[in-house]
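The structure under discussion is supplied below as structure tokens; questions concerning it will follow.
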Amino acid sequence: HTDADAADATGETLRTPIVAVLGHVDHGKTSLLDRIRGSTVIEGEAGAITQHIGATAVPLETVSEIAGSLVDPTDFDLPGLLFIDTPGHHSFSTLRSRGGALADIAILVIDVNDGFQPQTIEAIDILQRTETPFVVAANKVDTTPGWNPQENTPIQQSYDAQSDRARSTLDERLYDLIGDLSDHDFSADMYWRVQNFANNVGVVPVSAETGEGVPDLLTVLMGLSQRYLKDAMAIDVDGPGAGTVLEVKEQKGFGTAIDVVLYDGTVTADDTIVVGGTGDPIVTDVRALLQPRPLAEIRTEKRFEEVDSVTAAAGLKIAAPDLDDAMAGAPVRVLGNREREDVVTEVEAELAALGVTTEEQG
Ligand code: GDP
């Protein structure tokens, strides 16, 4: 088991980095996520992509399978990548964790034909402000005139299979994009030429339509995470869970429930949780923890199954009494053996940092 392999002597475990997808409307965020989600391995097999609530987990084995020769899995000890399913910088900027961004790393999707657009610039500003490492996916390379699609291949292999004319058209578009990035004070280059990702943004040519470059994109995300996020990913898995509310909604048979991305510790079905809301923080006992069933079982059974515990990083649904006033973007904390008042204060402080106070809303 990857998590156990990653555990070090102090009992800390490396969790999966949380990945967000940002970019201008129609540049291909949803298509790219769909492509990654649909890319391999039948669900239920070991190491398969698994659907979480609000997120998709791609284990290292799967990254390595998709990336083929680009990835040597023994180079990595992070367990994989967790993609937040809701793309867009609006969701990115409302989803915080302890004052920072909920996502640890991001993909900025830019249509190679359309270049920088207003929401591209907004996304860049947000990524810069939150100091979130990111990679640029230069999407829709398959629309290059004369393109000869190479389904799911690494981009350089695909590039080599193109005509001179297609190659030079794509080069031109990519250099325009790199120019746009530099106009916005980002020194950027094709990812394979970037030596130091701390100072340079890597550009990965991709097609969400054909899957070309997707192996490279996953490889770069793994590499960046390993290089820059490893320390931040060390968590005490047995510690009290901490997460962020994605959505508050009715769950048939359970009343109001919250969809949560857990980024620290563990939540169990016996826990008491503190949840930020439109009024005072809600202190309530977990009724059920729900996760999607594997696809194979969906037809015969209910969509969700109850689980005893969930460990970060993961998406899950928490059903509990009194969640009607819970709020998307608000913190969720497992009380554990801490003082109730301390945790309530912590949740209030975090809400205040989000620019939300209970008085303002009242
Ligand atoms: P979003 O608004 O950023 O989520 O963009 P979508 O994923 O909805 O994509 C917008 C449109 O671009 C859709 O019609 C997609 O089919 C199309 N599209 C997305 N990625 C690609 C690509 O790589 N190649 C081509 N040819 N079309 C794409």
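First listed ligand is number 1; within each ligand, the first listed atom is number 1. The chain is numbered in sequence order, starting from 1. The structure displayed is predicted, hence computed values, not measured ones.
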Val141 N/O under 3.5 Å from ligand 1 N/O: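 Looking only at distances, the answer is no, because the N/O contact criterion of under 3.5 Å is not met.
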
Quick one: does Asp142 get an N or O within less than 3.5 Å of an N or O on ligand 1?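 N/O-N/O distance under 3.5 Å: yes.
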
Location of contacts on Asn139 toward ligand 1, heavy atoms closer than 4.0 Å: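 Just the side chain.
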
Short side-chain donor-acceptor distance under 3.5 Å, His24 and Gln119: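 Note: Gln119 and His24 side chains meet the donor-acceptor criterion.
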
Does a salt bridge link Asp189 with Arg193, judged by any charged N lying under 4.0 Å from a carboxylate O?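 Judged by the 4.0 Å cut-off on N to carboxylate O distance, Asp189 and Arg193 do form a salt bridge.
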
Students should be able to answer this: which protein heavy-atom is nearest to atom 17 (C) of ligand 1, and at what distance?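 Of the protein heavy atoms, Lys140 NZ, 4.0 Å lies nearest.
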
When you look at Phe254 and Phe304, which way does the ring pair (Phe, Tyr, Trp, His ring centres under 6.0 Å) test go after all the steps? CA-CA 12 Å; Phe254 290 97; Phe304 298 105; 8.8 Å; no

To which protein heavy atom is atom 5 (O) of ligand 1 closest, and what is the distance rounded to 0.1 Å?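 Protein heavy atom at minimum distance: Gly28 N, 3.1 Å.
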
Any idea which protein heavy atom is nearest atom 4 (O) of ligand 1, and the distance to it?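 Here the closest protein heavy atom is Thr30 OG1, 2.6 Å.
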
May I ask you to check if ligand 1 and Val25 share an N or O to N or O distance below 3.5 Å?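 Among all N and O atoms of Val25, none is under 3.5 Å from an N or O of ligand 1.
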
Residues Asp264, Arg98: salt bridge by 4.0 Å N-O rule: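 Salt bridge between Asp264 and Arg98, a charged N being under 4.0 Å from a carboxylate O: yes.
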
For His24, counting its heavy atoms only, list the atoms of ligand 1 lying under 4.0 Å from any of them.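 Answer for ligand 1: 3 (O).
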
Is atom 13 (C) of ligand 1 less than 4.0 angstrom from some protein heavy atom?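 Protein heavy atoms within 4.0 Å of atom 13 (C) of ligand 1 - there are none.
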
Should we say atom CZ of Arg340 is surrounded by more than 12 heavy atoms from elsewhere, each under 6.0 Å from it?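 No - once you tally the heavy atoms of other residues, nucleotides and ligands closer than 6.0 Å, there are 12 at most.
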
Atom indices of ligand 1, in the order listed, that fall short of 4.0 Å to a heavy atom of Thr143: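 Those atoms are 26 (N).
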
Among all protein heavy atoms, pick out the one at the shortest distance from atom 10 (C) of ligand 1; state its residue, atom name and that distance to 0.1 Å.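 The closest one turns out to be Asp26 O, 3.5 Å.
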
Protein heavy atom under 4.0 Å of atom 20 (N) of ligand 1: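 Under 4.0 Å from atom 20 (N) of ligand 1, at least one protein heavy atom found.
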
Hey, are Gln150 and Ser158 close enough side-chain-wise for a donor-acceptor pair under 3.5 Å?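 Gln150 and Ser158 do not have a side-chain donor-acceptor pair below 3.5 Å.
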
Give me the nearest non-hydrogen protein atom to atom 23 (O) of ligand 1 as residue plus atom name, then the distance to 0.1 Å.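 Of every protein heavy atom, Ala208 N, 2.9 Å lies nearest to atom 23 (O) of ligand 1.
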
Residue pair Thr56 / Gln51, side-chain donor-acceptor N/O under 3.5 Å: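 Looking only at side-chain atoms, Gln51 and Thr56 do form a donor-acceptor pair, the distance falling under 3.5 Å.
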
Counting non-hydrogen protein atoms only, what is the nearest one to atom 27 (N) of ligand 1? Give residue, atom name and distance.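 Answer, as residue, atom name and distance: Glu209 OE1, 3.7 Å.
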
I'd like to know if Arg293 and Glu306 make a salt bridge, using a cut-off of under 4.0 Å between side-chain N and carboxylate O.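 Looking at Arg293 and Glu306, the cut-off is not met.
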
Indicate whether the side chain of Asp308 and that of Thr268 have a donor and an acceptor atom separated by less than 3.5 Å.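 The criterion, which ignores hydrogens and geometry beyond distance, is not satisfied for Thr268 and Asp308.
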
Could you tell me the residue and atom name of the protein heavy atom closest to atom 7 (O) of ligand 1, and the distance to it rounded to 0.1 Å?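 In this structure, atom 7 (O) of ligand 1 has Ser31 OG, 2.6 Å as its nearest protein heavy atom.
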
Quiz question: by atom type and distance under 3.5 Å, do the side chains of Ser207 and Glu209 form a donor-acceptor pair?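 Their side chains do not contain a donor-acceptor pair, so the 3.5 Å distance test is not met.
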
